[in-house]
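Residue numbers run from 1 in the order of the sequence given.
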Amino acid sequence: MDWTNKLRTLCGLAMVMLLVACSVSYKFNGASIDYTKTKTIQIADFPIRSAYVWGPMGPMFNNQLKDEFANHTRLEQVRRNGDLKIEGEITQYQQRNKSVSSEGYSAQTELSMTVNVRFTNNTNHKEDFERQFTASATYETTRSLNSVQEELVTQMVKDLCEQIFNATVANW
């Protein structure tokens, strides 16, 4: 019994020493920005260029994109001459049948949103790009688009903004 207590104490001390000796640093936002060179970001409002439109999606996207950078970086948002520049347009907003029921009717509908992004890094032009990002969400066809649209667009906008953030400053 005496050995068991000594072994437990020894294991406990070893664990404490191991935890104290190891130091791990994580960046939960994923941003890899050299703040000595990059201090500002210019994010233009993305106009809607899609044939099919839901009015609130433009402001929702623009606000979420700016919030993503404000909440996860120390970059100052400026109206012009930013060290980083993000601009583009919402190019597509559409729905399509995703699956068919055994009766031959549409069972699920997929709603998707695509944005075209032009990114300019004025401190390192090798990182510049123009790319499209797409997000989609599925809903049961028994529900109307009007009843799920705000929830689905909110989800897609969040996904798109995370994709853009990761592609521009997280280098993923």
Checklist entry - Side chains of Asn146 and Ser144: donor-acceptor distance under 3.5 Å anywhere? => result no

Item to check | Atom NZ of Lys66 with >12 non-hydrogen neighbours under 6.0 angstrom | outcome: yes

Next on the checklist: Looking at every heavy atom in both Gln64 and Lys158, which two are closest together, and how far apart are they?
Outcome noted: CG-CA, 4.4 Å

Next on the checklist: Looking at Ser112, is its backbone amide N or carbonyl O close enough to the side chain of Ser136 to form a donor-acceptor pair, meaning the two atoms are under 3.5 Å apart?
Outcome noted: no

Checklist entry - Are side-chain heavy atoms of Lys98 and Thr109 found at a separation under 4.5 Å? => result no

Item to check | Main-chain N/O of Asp67 paired with Asn71 side-chain donor or acceptor, under 3.5 Å | outcome: yes

Next on the checklist: Run Met57 and Ile90 through side-chain contact (heavy atoms from CB on, under 4.5 Å) and show every step you take.
Outcome noted: CA-CA 9 Å; Met57 77 180 177; Ile90 299 169; 4.2 Å; yes

Checklist entry - Can the positive tip of Arg131 be found less than 6.0 Å from the middle of the six-membered ring of Phe119, inside 45° of the ring normal? => result no

Checklist entry - Checking side-chain contact (heavy atoms from CB on, under 4.5 Å) against Ile33, which of Asp83, Leu75, Ile41 comes through? => result Leu75

Checklist entry - Roughly how far, to the nearest 0.5 Å, is CZ of Phe61 from SG of Cys161? => result 4.5 Å

Item to check | Nearest-0.5 Å distance that lies between atom NZ in Lys85 and atom CG in Asp128 | outcome: 10.5 Å

Item to check | Interatomic spacing from CG in Leu145 to CG in Leu152 - rounded to 0.5 Å | outcome: 7.5 Å

Next on the checklist: Check this for me: Glu150, atom CD, are more than 12 non-hydrogen atoms of other residues, nucleotides or ligands nearer than 6.0 Å?
Outcome noted: no

Checklist outcome for this item: Heavy-atom closest pair (Gln132 atom, Asn116 atom, distance to 0.1 Å) is CG-OD1, 3.5 Å

Checklist entry - Would Val78 end up clustered with Ile43 when hydrophobic side chains under 4.5 Å apart are linked, directly or stepwise? => result no

Item to check | Spacing of Glu89 atom CD and Ile48 atom CD1 [to the nearest 0.5 Å] | outcome: 11.5 Å

Checklist entry - What distance separates Met113 CE from Gln94 CD, expressed to the nearest 0.5 Å? => result 12.5 Å

Checklist entry - What are the two closest non-hydrogen atoms of Glu87 and Ala44, and how far apart are they? => result CB-CB, 3.9 Å

Next on the checklist: Can you give me the closest heavy-atom contact between Pro59 and Pro56, atom names plus distance?
Outcome noted: CD-O, 3.3 Å

Item to check | Intermediate values then yes/no, side-chain contact (heavy atoms from CB on, under 4.5 Å), Val153 and Met60 | outcome: CA-CA 9 Å; Val153 170; Met60 285 173 72; 4.1 Å; yes

Item to check | N/O donor-acceptor pair under 3.5 Å between Thr168 side chain and Phe165 backbone | outcome: yes

Checklist entry - Does Tyr93 offer a backbone N or O that forms a donor-acceptor pair with the side chain of Ser50 under 3.5 Å? => result yes

Next on the checklist: What I'd like to find out is whether the side chain of Leu84 reaches to under 4.5 Å of the side chain of Phe69, using heavy atoms alone.
Outcome noted: no

Checklist entry - Counting distance only, does the side-chain N/O of Tyr35 pair as donor-acceptor with the main-chain N or O of Arg74 below 3.5 Å? => result yes

Next on the checklist: For Thr114 and Thr134, which I'm curious about, is there any donor-acceptor pair between the side chains at under 3.5 Å?
Outcome noted: yes

Checklist outcome for this item: CD (Gln42) and CD (Glu76) are apart, to the nearest 0.5 Å, by 12.0 Å

Next on the checklist: Quick one about Tyr139 and Gln95 (side-chain donor to acceptor, distance below 3.5 Å, no hydrogens or angles considered), yes or no?
Outcome noted: yes

Item to check | Side-chain touch Leu65/Ile164, heavy atoms, less than 4.5 angstrom | outcome: yes

